[in-house]
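First the structure, in the form of structure tokens, and then the observations on it.
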Amino acid sequence: MATSTTGSTLLLPLSRAVQLPIDQVNFVACQVFALLAAIWFRIYLHSSKTSPLIRHVIATLLGLYLALFCFGWYALHFIVQSGIAYYIMVVAGLENMHKFCFVFALGYLTLCQIARVYIFDYGQYSADFSGPMMIMTQKITSLAFEIRDGIFCKEEELTLSQRRLAVRRMPSLLEYLSYNCNFMGILAGPLCSYKDYIAFIEGRSYQLKQLEANGKEDPKHEQKEPCPNSTVIHKVIVCAVSLAFYMTATRILPVEYNIDEEFQEASSVLTRIIYLYLSLMAARPKYYFAWTLADAINNAAGFGFQGYDKNGEENWDLVSNLDIKQIEFSTSFKMFIDHWNIQTAVWLKRVCYERATYNATARTFLLSAVWHGVYPGYYLTFFTGSLMTLAARRIRNNVRHHFLHSSELMFVYDVITWIATQVAISYTVAPFVLLSVKPSLQFYR
């Protein structure tokens, strides 16, 4: 268990009591604090009572404090990366600004990941300062593309989503820092669009979502501001269950047992496949916990309102990062990817897939691997994932139509594709969890 950290050691006794690394304890404590701060922010610094300037300042200062508590002086990287990227945006011409920002942000992130992995902490995957920088890199690059789309590009050159997200003016330095470093998303994200964030700070997000959905304000809802309380409670419960399941299941079903030589020699192929699926299913709730808590923090602050569904129910999934039900019951590789780390998939689509002139799938998986980090296991996972995606697409196009003749056949197809998808996903992501070359190749052999 890691007891050293560049961040605060205030919670070291709690770390020893729960037998978890201090950096992970700091992360959870800061996210719980952020959840409480978000409630306070929504009630006492509501946009109807407070100016956008004050909301920007408080959100930024709280975010930088949480970063300092978790990572100590490493939090300076967040300011340096954001500051240099802003300078590039101001100085560089609009035509190439997005390219310079993209190369700088991704390059700076990669250098920090190399230093973190190969100099300080190889093979020890825990909460670290490069995690928030990954989200910041998404925000820096997304905003650079959105500003170029809004100021430089012609309307007819843009897709519908690019037109909606296009930013028509250069943000101020405070707005930029607030977007990148606000307390709601500095530690675990998720990514949100700059326009949505500014609309939230300025108190326009509810009306904006109604206009986007209906083309006009809905008289039924215009006098009533949505309340996220029930949604936040539901997501906090999901967090608690996910954390409890993860803490229990990973001790019973460690992923590393997949490469145990005695287990490999003594077990049948079917047993190894079943254990592989169960061990990786047990590892997923760690991400369910972190991403759902981050979503709850944003919702508690009043951010994340998506509009009303056809039944008039509030939808607070604007910045949601996953759909657990869709993940666990995915019947295709694409279905799993579309509901896992949703905002990262959206980022990859907007800055790479939609703009690539050739080999869009391969280039997108390569960007995803580089963004995730420099562990060799990541590259094995994303290389395998690109092949799996292409293979799954080909199989679906050639096979699925044979099962469309009856509901019984469709049920059989769904069962077969669910099993195949879960096995394929487990096989593909095992190196992502194992991280290093030797165990990953040992697993694949």
Side-chain angles (χ1 to χ4, degrees), residues 2 4-8 21-24 26-27 30-31 60 63-89 98-145 176-177 179-183 185-191 286-287 290-291 294 341 343-344 347-348 351-352 365-382 431-433 435-437:
S4 61
T5 179
T6 56
S8 173
I22 180 63
D23 54 354
Q24 293 183 11
N26 282 349
F27 170 80
C30 283
Q31 287 295 76
T60 305
L64 292 175
Y65 172 76
L66 294 180
L68 191 66
F69 187 92
C70 275
F71 308 113
W73 69 269
Y74 282 117
L76 288 174
H77 285 294
F78 307 161
I79 299 175
V80 171
Q81 189 187 31
S82 295
I84 295 177
Y86 186 78
Y87 177 78
I88 291 172
M89 283 203 319
H98 62 302
K99 296 178 183 177
F100 295 144
C101 282
F102 183 89
V103 171
F104 164 72
L106 198 62
Y108 193 91
L109 171 66
T110 301
L111 288 175
C112 289
Q113 289 171 329
I114 290 172
R116 183 244 165 183
V117 171
Y118 292 106
I119 298 177
F120 301 115
D121 199 23
Y122 187 86
Q124 300 297 315
Y125 189 83
S126 58
D128 73 281
F129 74 96
S130 67
M133 287 186 67
M134 293 167 71
I135 306 298
M136 213 163 288
T137 298
Q138 290 183 341
K139 291 182 175 182
I140 289 169
T141 53
S142 294
L143 180 54
F145 277 95
Y176 192 74
L177 287 175
Y179 174 58
N180 284 333
C181 302
N182 67 81
F183 74 95
I186 192 168
L187 297 184
L191 171 69
K286 173 174 68 174
Y287 301 97
W291 289 338
N341 204 353
Q343 302 306 325
T344 293
W347 172 70
L348 290 168
V351 304
C352 184
F365 272 101
L366 176 61
L367 173 58
S368 184
V370 172
W371 174 79
H372 272 90
V374 293
Y375 283 113
Y378 295 162
Y379 290 85
L380 288 171
T381 286
F382 290 110
F432 191 95
V433 180
L435 298 176
S436 305
V437 173

Value for OG1 (Thr60) from CZ (Phe183), rounded to nearest 0.5 Å, stands at 10.0 Å

What's the verdict on side chain to side chain contact (heavy atoms under 4.5 Å, CB included) for Thr137 and Gln81, showing C-alpha distance, side-chain angles and the deciding distance? CA-CA 8 Å; Thr137 298; Gln81 189 187 31; 3.0 Å; yes

Point-to-point distance, once rounded to the nearest 0.5 Å, from OG1 of Thr6 to OH of Tyr74: 6.0 Å

Listed by chain and number, what are the ring-ring contact (aromatic ring centres under 6.0 Å, His included) partners of Tyr176, not counting sequence neighbours? Tyr86

So do the side chains of Met134 and Thr344 get within less than 4.5 Å of each other, counting heavy atoms only? no

Counting N and O atoms only, with roles assigned by atom type, does the side chain of Thr141 sit under 3.5 Å from a partner on the main chain of Gln138, one being a donor and the other an acceptor? yes

If the condition is side chain to side chain donor-acceptor pair (under 3.5 Å), which residues does Ser142 pass it with, not counting sequence neighbours? none

Using the side chain to side chain contact (heavy atoms under 4.5 Å, CB included) criterion, which residues pair with Ile88? Sequence neighbours excluded. Ile84, Ala92, Phe100, Cys101, Phe104

Correct closest heavy-atom pair for Ser368 and Phe382 would be OG-CE2, 3.2 Å

Which atoms form the tightest heavy-atom contact between Tyr375 and Tyr379, and what is the distance? O-CD1, 3.5 Å

With sequence neighbours left out, the residues meeting side chain to side chain donor-acceptor pair (under 3.5 Å) with Thr381 are none

If I take atom CE from residue Met133 and atom NE2 from residue His77, how far apart are they, to the nearest 0.5 angstrom? 6.5 Å

For Cys30, give me all partners under side chain to side chain contact (heavy atoms under 4.5 Å, CB included), at least two apart in sequence or on another chain. Leu66, Phe69, Cys70, Leu187

Looking at residues at least two apart in the chain, or sitting in another chain, which of them share a side chain to side chain donor-acceptor pair (under 3.5 Å) with Gln113? none

Which heavy atom of Ala144 sits nearest to which heavy atom of Met89, and what is that distance? CA-SD, 4.4 Å

Look up atom OG in Ser8 and atom CD1 in Ile22, then write down how far apart they are to the nearest 0.5 Å. 7.0 Å

Heavy-atom pair with the smallest gap, counting every atom of Cys352 and Leu367: CB-CD2, 3.7 Å

Is the shortest heavy-atom distance from the side chain of Val80 to the side chain of Tyr108 under 4.5 Å? yes

Per the ring-ring contact (aromatic ring centres under 6.0 Å, His included) rule, which among Tyr378, Trp347, Phe365 passes with Trp371? Trp347

Has the side chain of Asn180 got a donor or acceptor atom that lies under 3.5 Å from a matching backbone atom of Lys139? no

Can you list the residues that meet the side chain to side chain donor-acceptor pair (under 3.5 Å) rule with Ser130, with sequence neighbours excluded? Asp128

Classify the ring geometry between Phe102 and Phe145 as parallel (under 30°), tilted (30 to 60°) or perpendicular (over 60°). perpendicular

Got a sec, which residues hit ring-ring contact (aromatic ring centres under 6.0 Å, His included) with Trp291, two or more places apart in sequence or on another chain? Tyr287, Trp340

Interatomic distance, Met136 atom CE to Ile79 atom CD1 [nearest 0.5 angstrom]: 9.0 Å

Looking at residues at least two apart in the chain, or sitting in another chain, which of them share a side chain to side chain contact (heavy atoms under 4.5 Å, CB included) with Val433? Val255, Leu280

Pairwise distance CZ(Phe71) to CZ(Phe27) - rounded to 0.5 angstrom: 7.5 Å

Contacts of type side chain to side chain contact (heavy atoms under 4.5 Å, CB included), residue Leu380, not counting sequence neighbours: Pro431, Ser440, Leu441, Tyr444

For Ser82 against Leu177, the heavy-atom pair lying closest together: CB-CD2, 4.0 Å

Ring centroids only, cut at 6.0 angstrom: are Phe432 and His372 within range, meaning strictly under it? yes

List the atom of Ile135, the atom of Gly185, and the distance in Å for their closest heavy-atom pair. CG2-O, 4.4 Å

